[in-house]
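Step one of this worksheet: look at the structure below.
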Amino acid sequence: MSFTEKAKNKAQQLTGVAKERIGDVTDNERMRGEGATDQSTARARQTGGDPRDAARRARDTFR
């Protein structure tokens with residue numbers, strides 16, 4: 001995963017945190033939900049990465 005992709009994921013995660021907090025303060029359920037969704041999406045992308053990269057790392061481990 002490139003640095004740019006990691007930065008985008010982190011920015012999306014931080015945006016999600018901000019949305020969720022704003023939703024808490026304003027008692028807006030929709031904003032809270034959007035924030036939680038943004039955070040979980042960013043985390044999934046960060047941990048999952050590109051499946052091809054994972055396959056390459058696994059192949060290199062066994063060499």
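What you see is a predicted model, and the numbers here were worked out from it, not measured in a lab.
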Checklist entry - What residues, two or more places apart in sequence or in another chain, satisfy side chain to side chain contact (heavy atoms under 4.5 Å, CB included) together with Arg21? => result Val17
Checklist entry - What heavy-atom pair brings Asp38 and Gly16 nearest, and what distance separates the two atoms? => result CB-CA, 3.7 Å
Next on the checklist: The criterion is side chain to side chain contact (heavy atoms under 4.5 Å, CB included); which residues satisfy it with Glu34, sequence neighbours excluded?
Outcome noted: Lys19, Arg30, Met31
Item to check | Spatial distance of atom OG (Ser2) from atom NZ (Lys8) [nearest 0.5 Å] | outcome: 8.0 Å
Checklist entry - CG of Asn9 to CG of Leu14: how many Å apart, nearest 0.5 Å? => result 11.0 Å
Next on the checklist: I'd like to know if Glu29 and Arg32 make a salt bridge, using a cut-off of under 4.0 Å between side-chain N and carboxylate O.
Outcome noted: yes
Checklist entry - With a 4.5 Å heavy-atom cut-off, do Gln12 and Thr41 have their side chains touching? => result yes
